[in-house]
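Notes follow the structure.
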Amino acid sequence: MKCKNCGNSIPDQSTFCPYCGVSLEQAQAQPSSDASQLAASYTAVQQPASLSAKAKDKIRICPKCGTLLSKKEKICSVCGEVMPKPKKAHKAKAAIISMSVVICLLLCSTVYFMLEMFEGNRAIADLNETIAEWEDKYQQLYDECTKAKKDSDYWYKRFKHYYDLKN
């Protein structure tokens, strides 16, 4: 049977078009007892015992009457219930969040180690500066000692010369 509104093919027992939701004229002409029998026949075949993974991806179940419907059907063909939109898996969102956390941790650790490296370089520079200061002080002390020795040698020679002249 085809829907007179949208032209899609629909099951013969449908009371509503699963694609556009228009109530079918035949459903209005049938007595209400026939509609309840029709709904009972659909609910009797609600769910098979087990479905393969491929079959589960292609069907969904009406939350109101339990009828098996294809993923394309927007409205239940038995009870006319509007199908809720399928929930998207949050795997991509979780993956994005976890990757963002990993990237943030990597950036933070990189910045930390770079700062530690610069701090280490600063400590080495401070140590080199201290060594240079000590070298300067050593050179000054050496120069003073050398001068003092020369002075003492000078005075020693003069004293010895003076002493030798007296004796």
Side-chain angles (χ1 to χ4, degrees), residues 3 5-11 16-22 42-43 45-167:
C3 175
N5 186 40
C6 66
N8 286 321
S9 63
I10 54 175
F16 294 91
C17 175
Y19 300 101
C20 66
V22 171
Y42 269 96
T43 56
V45 189
Q46 285 181 7
Q47 293 182 9
S50 64
L51 293 172
S52 68
K54 288 183 180 180
K56 286 182 181 178
D57 289 340
K58 293 180 181 179
I59 64 165
R60 63 178 161 181
I61 300 167
C62 175
K64 188 174 182 183
C65 68
T67 305
L68 292 175
L69 304 169
S70 72
K71 289 277 186 180
K72 295 178 184 177
E73 295 180 82
K74 297 176 185 173
I75 298 169
C76 178
S77 58
V78 175
C79 66
E81 180 74 17
V82 176
M83 294 293 107
K85 291 184 179 181
K87 294 181 181 177
K88 294 180 181 178
H90 296 290
K91 292 179 184 177
K93 188 175 182 180
I96 290 172
I97 290 172
S98 61
M99 289 301 290
S100 299
V101 168
V102 167
I103 289 170
C104 286
L105 288 173
L106 286 173
L107 286 173
C108 290
S109 62
T110 302
V111 168
Y112 174 77
F113 286 118
M114 296 216 29
L115 288 175
E116 284 295 317
M117 184 176 71
F118 289 136
E119 187 67 30
N121 289 345
R122 193 175 306 135
I124 291 172
D126 291 344
L127 186 60
N128 285 336
E129 188 178 312
T130 304
I131 290 171
E133 289 174 8
W134 279 87
E135 285 176 347
D136 290 343
K137 288 180 182 179
Y138 171 77
Q139 188 63 41
Q140 288 174 356
L141 186 61
Y142 179 78
D143 292 343
E144 288 176 13
C145 287
T146 305
K147 184 181 176 205
K149 184 176 186 278
K150 284 181 183 177
D151 287 346
S152 80
D153 285 347
Y154 172 76
W155 288 109
Y156 176 74
K157 285 179 186 174
R158 288 207 65 183
F159 179 73
K160 187 175 181 193
H161 179 65
Y162 179 71
Y163 182 72
D164 286 343
L165 288 176
K166 268 189 158 188
N167 287 337

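These figures come from a predicted structure and were not determined experimentally. Numbers here simply count residues along the sequence, with the first being 1.
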For Gly80 and Ile75, the nearest pair of non-hydrogen atoms, with its separation, is O-CG2, 3.5 Å
Rounded to the nearest 0.5 angstrom, the SG-NZ distance for Cys145 and Lys150 is 12.5 Å
side-chain contact (heavy atoms from CB on, under 4.5 Å) filter on Lys64, not counting sequence neighbours, yields Cys62, Cys79, Glu81
Sorted by chain and residue number, the side chain to side chain donor-acceptor pair (under 3.5 Å) partners of Glu73 (sequence neighbours excluded) come out as Ser70
Sequence neighbours excluded, the answer for salt bridge (Lys or Arg N to Asp or Glu O under 4.0 Å) partners of Arg158 is none
Residues passing the salt bridge (Lys or Arg N to Asp or Glu O under 4.0 Å) test with Lys149, sequence neighbours excluded, are Asp153
Hits for side-chain contact (heavy atoms from CB on, under 4.5 Å) against Met99, two or more places apart or cross-chain, chain-then-number order -> none
List the atom pairs, donor and acceptor, that lie under 3.5 Å between side-chain atoms in residues 124-143 and the rest of the protein, sequence neighbours left out.
| unit_1 | atom_1 | unit_2 | atom_2 | d |
| --- | --- | --- | --- | --- |
| Thr130 | OG1 | Asp126 | O | 2.9 |
| Gln139 | NE2 | Asp143 | OD1 | 3.2 |

Quiz item: Would a 4.5 Å heavy-atom cut-off, applied to side chains only, mark Ile61 and Leu68 as touching?
Solution: yes
In short, side-chain hydrogen bond (donor to acceptor under 3.5 Å, both in side chains) pairs touching residues 97-116 with sequence neighbours left out are none
